[in-house]
K.L.:
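Have a look at this one before I ask anything.
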Amino acid sequence: MSESQDLLRVQTYIGKMPALPVTVTKVIEICNQPGTSPVDLNKVISVDPVLMARVMKLINSAYYGLGDKVTSLSRAIIMLGINTVKNLALSTAVVGAIGKGEPASPLNMQGFWRHSLGVGVTAKLIARKRSVDPRLIEEYFIAGLLHDIGKIPMNNVFKERYLAVLSRADRERISLADAERRELGFDHTDVGRQIGTAWNIGGAVIDAVSAHHNVGGYEGEHRDLVATVHVANYFMNLAEVGFAGDRFPGTPSQEVYQRLGIGLSLLDELETAVDTEIAKAEVFLKVVDERGGA
Ligand SMILES: [Fe+2]
Ligand SMILES: [Fe+2]
């Protein structure tokens, strides 16, 4: 089958995925407008019990580690911040719509999501270490959580050929993205970008999804975020936290480390924190599970 037909099969698959719920689309739209207030957000969320339950569950989870139980939505929105609520709505909707692999698919979904959570929390820990604006920190987590999302449709659509991709990467000791390109003509960052476009994700998260294996070639405005996800991905592959098919990810360049002002030694420093943070962040996947959507 030719490359373009293969790409078309993935596009068709993406086209058939359930659309983002209307409320989620509205939340994203409202949050992207300058000057949005927690009151505006409250109005949209309070009409959607599912989303409201997710926000309340998150604010009261170990992830935020607050002492007293928060019971009012408006207070939760103020505490989480507009950006976090947007990211929560977005990520749980994406995981809900696409998160499950098909039975007996080549990539183990448990390993995949553990890797994704690991990259999310590591990206966040690196950002914290670099004193990134706290309002942007959650974006680092979500970008890491979703960075490999393009692998899921490939894994589900091609099955045996994706198994061939995985073994080729191992056999030739090349990165998974290289093996995908050699075997299928495109890679999971291309597919990730398509998902992002289909759902109008936009901005920082979609840049991290599309450029995490090509930091050098990325010239957009979210360079620190893209570089951080790239490094976090390398760290989690090296530390073997979860597994998303990549045994030979490219080593980050000196420029990337310099840009972020960190080095490989940071991995040792973060090791224990990563485990604890993953356990707390699992709530992002669980809030979806409870609804039966993922
Ligand atoms: Fe990747
Ligand atoms: Fe990855």
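Ligands are counted one by one from 1 in listed order, and the atoms in each one are counted from 1 as well. Heavy-atom basis, side chains included; hydrogens, waters and symmetry copies ignored.
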K.L.:
Could you work out, with side chain to side chain donor-acceptor pair (under 3.5 Å) as the rule, every residue matching Asp133, not counting sequence neighbours?
P.N.:
Arg135
K.L.:
Salt bridge (charged side-chain N to carboxylate O under 4.0 Å, His left out) for Glu138 and Lys86? Distances and angles first, verdict last.
P.N.:
CA-CA 10 Å; Glu138 281 311 317; Lys86 177 188 87 178; over 6 Å; no
K.L.:
Would you mind listing every side chain to side chain donor-acceptor pair (under 3.5 Å) that reaches into residues 42-53, with sequence neighbours excluded?
P.N.:
Thr23-Asp48
K.L.:
Donor-acceptor pair, distance only, cut-off 3.5 Å: does the side chain of Arg9 make one with the backbone of Val157?
P.N.:
yes
K.L.:
Output, by chain and residue number, all protein N/O/S atoms separated from the Fe ion (ligand 1) by less than 2.8 Å.
P.N.:
Asp148 OD1, His188 NE2, His212 NE2, His213 NE2
K.L.:
Kindly give the cluster partners of Val39, where membership spreads through any ILVMFWY side chain lying under 4.5 Å from a current member.
P.N.:
none
K.L.:
With under 30° as parallel and over 60° as perpendicular, where do the rings of His212 and His188 fit, or are they tilted in between?
P.N.:
tilted
